[in-house]
Amino acid sequence: MKVIIIGGGIGGLTLANTLQTQGIDYEVYEAAEQFSPIGAGIMLGINAMLIYQNIGLAQSLRSKGHQLEAAHITNSNLSPINSMPLNTFADELGADSITIHRADLIQILYKNLDPKKIFTGKKAQYLVQNKNNAEVYFRDGDYAVGELVVGADGIHSVLRQQLFPDIQKRYLGQTCWRGVVDFKLSRVFQNQLFEAWGPNGRFAFVALNDKQVYWFAVKTANAGQQDNPKTIKSELCENFKMYKGPCQQLIMQTSKILRNDIYDLKTPKTWHQGRVVLLGDAIHAASPNLGQGGAQAIEDAHM
């Protein structure tokens with residue numbers, strides 16, 4: 001059997017690694033021209049780390065990431081509303097929770113694979129299914145053939161649009177800003193994730209390593225708006241001025257702030273058709289919460 005994986009993100013590369021451990025042939029086709037260091041941070045919870053332990057990647061991830069002992073939902077003053085003792089769960093379940101830069105996660109997953117089985121600059125256009133295999137055709141005129149095709153091509157999945165055209169993205173009325181900044185958190189914030197809920201939205205921050213902090217800010221907004229690079233920092237600081245802790249400093253010291261409108265999908269009962277199955281955001285995209293969007297794609301790959 002050969003498995004054709006469309007998409008070289010977290011879900012697609014995790015699937016390739018799990019297949020590799022099982023001795024099942026695979027090929028990964030990624031639309032981007034190269035695996036470049038993009039994105040911000042992500043939390044890998046215990047459910048994700050247990051899977052990476054099974055395929056021998058947990059230690060490499062820990063070496064690039066930052067161990068979490070607790071996660072807190074707070075009010076804007078950083079007074080806890082609810083707390084999760086992640087270190088207690090780690091003792092019970094045999095795996096920890098970490099934060100890591102998405103670029104580091106992708107590189108670890110990518111470098112553990114056979115480079116001859118990974119192809120970039122391959123934008124899927126359509127697929128054809130036959131009795132014994134499925135064929136995926138790309139915009140550059142190339143094609144790939146396998147007994148199984150897995151669509152891991154994200155919320156804008158070309159394969160989903162062909163197989164399940166009735167499933168459409170839903171805008172959730174929220175926009176998310178994200179950033180990674182060189183910053184040393186005070187001891188009270190070390191090894192912990194804080195997500196503050198207030199009248200003007202949510203603001204979260206967590207260390208990625210000893211030198212970097214990942215933060216994100218969420219508020220209600222109309223879809224499709226764009227930021228003014230000259231004023232975005234002051235605008236975010238004004239919106240989140242009542243939020244305590246290092247929020248203002250993190251915003252002001254970030255060199256590059258990313259913005260994404262938040263969409264999800266109404267998940268169907270069936271994720272497959274014939275020899276094609278979808279995973280992760282391609283079929284069950286959800287609003288981002290504690291890294292579980294990525295973690296669910298990782299669980300899909302494991303299953």
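All heavy atoms count here, side chains included; hydrogens, waters and symmetry mates do not.
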(request) Would you check, one step at a time, whether the test side-chain contact (heavy atoms from CB on, under 4.5 Å) holds for L68 with I98? (result) CA-CA 5 Å; L68 280 181; I98 69 168; over 6 Å; no

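- The shortest side-chain heavy-atom distance between I6 and F138 falls under the 4.5 Å cut-off.
- Note on L163 and V158: separate hydrophobic clusters, where clusters join Ile, Leu, Val, Met, Phe, Trp and Tyr whose side-chain heavy atoms are under 4.5 Å apart, directly or indirectly.
- Under the 4.5 Å side-chain criterion, counting only non-hydrogen atoms from C-beta, L105 is in contact with Y52.
- In this structure, F183 shares a hydrophobic cluster with L78, W177, V181, L185, V188, F189, F194, F203, F205, V213, W215, I232, L236, F240, M242, Y243, L250, I251, I257, the cluster being traced through Ile, Leu, Val, Met, Phe, Trp and Tyr side chains under 4.5 angstrom apart.
- Looking at heavy atoms from C-beta onward, Q212 lies in side-chain contact with V180 at the 4.5 angstrom threshold.
- The closest donor-acceptor contact from the side chain of T14 to the backbone of G11 lies at 3.5 Å or more, if one exists at all.
- No cation-pi contact links K122 to Y29, judged by a cut-off of 6.0 Å to the six-membered ring centre and 45° from its axis.
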(request) Determine, stepwise, if the pair S60 / I108 fulfils side-chain contact (heavy atoms from CB on, under 4.5 Å). (result) CA-CA 7 Å; S60 295; I108 288 171; 4.0 Å; yes

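- Closest of all the heavy-atom pairs between E135 and N130 is OE2-ND2, 3.2 Å.
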(request) Would you check, one step at a time, whether the test side-chain hydrogen bond (donor to acceptor under 3.5 Å, both in side chains) holds for N191 with Q67? (result) CA-CA 6 Å; N191 301 105; Q67 186 173 11; 6.0 Å; no

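- Distance check: F164 CZ to L159 CG gives 10.5 Å after rounding to the nearest 0.5 Å.
- Among all heavy-atom pairs drawn from G8 and I106, the shortest one is O-CD1, 4.3 Å.
- Checking Q192 against H72 by side-chain atom types alone, a donor-acceptor pair falls below 3.5 Å.
- Residue V28 is grouped with residue M1 when hydrophobic side chains (ILVMFWY) are merged at heavy-atom distances under 4.5 angstrom, including chains of intermediate members.
- Of the possible donor and acceptor atoms, one in the side chain of Q20 sits under 3.5 Å from a partner among the backbone N and O of N112.
- Side-chain atoms of D261 come within 3.5 Å of backbone N or O of G224 as a donor-acceptor pair.
- What you find for S76 and A196 is that their closest heavy atoms are CA-CB, 4.4 Å.
- Taking all atoms of both residues into account, the shortest heavy-atom contact from G94 to Q53 is O-OE1, 3.2 Å.
- Side-chain contact check for P115 versus I118: every heavy-atom pair is 4.5 Å or farther apart.
- Other members of the cluster containing V145 are Y126, V128, Y137, Y143, with ILVMFWY side chains joined at under 4.5 Å, either directly or via other members.
- Other residues, nucleotides and ligands contribute over 12 non-hydrogen atoms within 6.0 Å of the CG atom of D140.
- With hydrogens and angles ignored, the 3.5 Å screen pairs no side-chain donor or acceptor of N133 with any backbone N or O of Q129.
- Within the 3.5 Å criterion, the main-chain N or O of N200 finds a donor-acceptor partner in the side chain of N239.
- With rounding to the nearest 0.5 Å, the separation of CE in M49 from CD in Q59 is 8.5 Å.
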(request) May I have the step-by-step check of side-chain contact (heavy atoms from CB on, under 4.5 Å) for Y26 and L113, ending in yes or no? (result) CA-CA 10 Å; Y26 66 88; L113 299 171; 3.5 Å; yes

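- Salt bridge present: D96 and R62 bring a charged side-chain N and a carboxylate O closer than 4.0 Å.
- One finds the CD1 atom of I73 at 7.5 Å from the CG atom of N82 (value rounded to the nearest 0.5 Å).
- N17 contributes a side-chain N or O that, together with a main-chain N or O of L109, makes up a donor-acceptor pair within less than 3.5 Å.
- Contact check on E147 versus R275 returns no salt bridge, with no Lys/Arg side-chain nitrogen under 4.0 Å from an Asp/Glu carboxylate oxygen.
- Interatomic distance, CD1 of I100 versus CG of L208, reported as 8.5 Å (0.5 Å rounding).
- Under the 4.5 Å side-chain contact rule for hydrophobic residues, L258 and M43 do not share a cluster.
- When hydrophobic clusters are built by joining Ile, Leu, Val, Met, Phe, Trp and Tyr residues whose side-chain heavy atoms come closer than 4.5 Å, directly or via intermediates, M84 is not grouped with W197.
- A donor-acceptor distance shorter than 3.5 angstrom exists from the side chain of Q161 to the backbone of H156, with no hydrogens or angles considered.
- A donor-acceptor contact shorter than 3.5 Å links the side chain of K233 to the backbone of M252.
- Residue Q226 qualifies as open at atom CD: its count of foreign heavy atoms under 6.0 Å is 12 or below.
- Side chain to side chain, N209 and H101 fail the donor-acceptor criterion of an N or O pair below 3.5 Å.
- Look at D25 and K117 and you find a salt bridge, because one of the NZ, NE, NH1 or NH2 atoms lies within 4.0 Å of a carboxylate O, short of that distance.
- At a cut-off of 3.5 Å, with distance as the only test, no side-chain donor of Q253 or Q249 sits close to an acceptor on the other residue.
- By the 4.5 Å heavy-atom criterion applied to side chains, H284 and L265 are not counted as neighbours.
- Side-chain atoms of T88 and E92, non-hydrogen and from C-beta on, do get closer than 4.5 Å to each other.
- Listed here is the closest heavy atom pair of G179 and T254: CA-CG2, 4.1 Å.
- No side-chain heavy atom of K219 sits under 4.5 Å from any side-chain heavy atom of T175.
- A side-chain donor from one of E299 and N47 sits under 3.5 Å from a side-chain acceptor of the other.
- The OG1 atom of T74 sits 12.0 Å away from the CZ atom of R202 when rounded to the nearest 0.5 Å.
- Side-chain atoms of Q273 never come within 3.5 Å of backbone atoms of T270 as a donor-acceptor pair (strictly under, hydrogens ignored).
- Between the CD atom of E69 and the CG atom of L86 there is a distance of 9.0 Å, given to the nearest 0.5 Å.
- Annotation for I46 and F89: closest pair CD1-CB, 3.3 Å, computed over non-hydrogen atoms.
- Hydrophobic clustering of Ile, Leu, Val, Met, Phe, Trp and Tyr side chains at less than 4.5 Å, counting indirect connections, unites L57 with L279.
- Contact annotation: the side chain of I283 approaches that of I167 to within less than 4.5 Å [non-hydrogen atoms, C-beta and beyond].
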(request) Under the side-chain contact (heavy atoms from CB on, under 4.5 Å) rule, what do N54 and T21 come out as? Steps first, then yes or no, please. (result) CA-CA 9 Å; N54 288 341; T21 63; over 6 Å; no

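- E27 places no side-chain N or O within donor-acceptor distance of the main-chain N or O of I4, the cut-off being under 3.5 Å.
- Salt-bridge check for D182 with K211: failed, with every basic side-chain N at 4.0 Å or more from each acidic carboxylate O.
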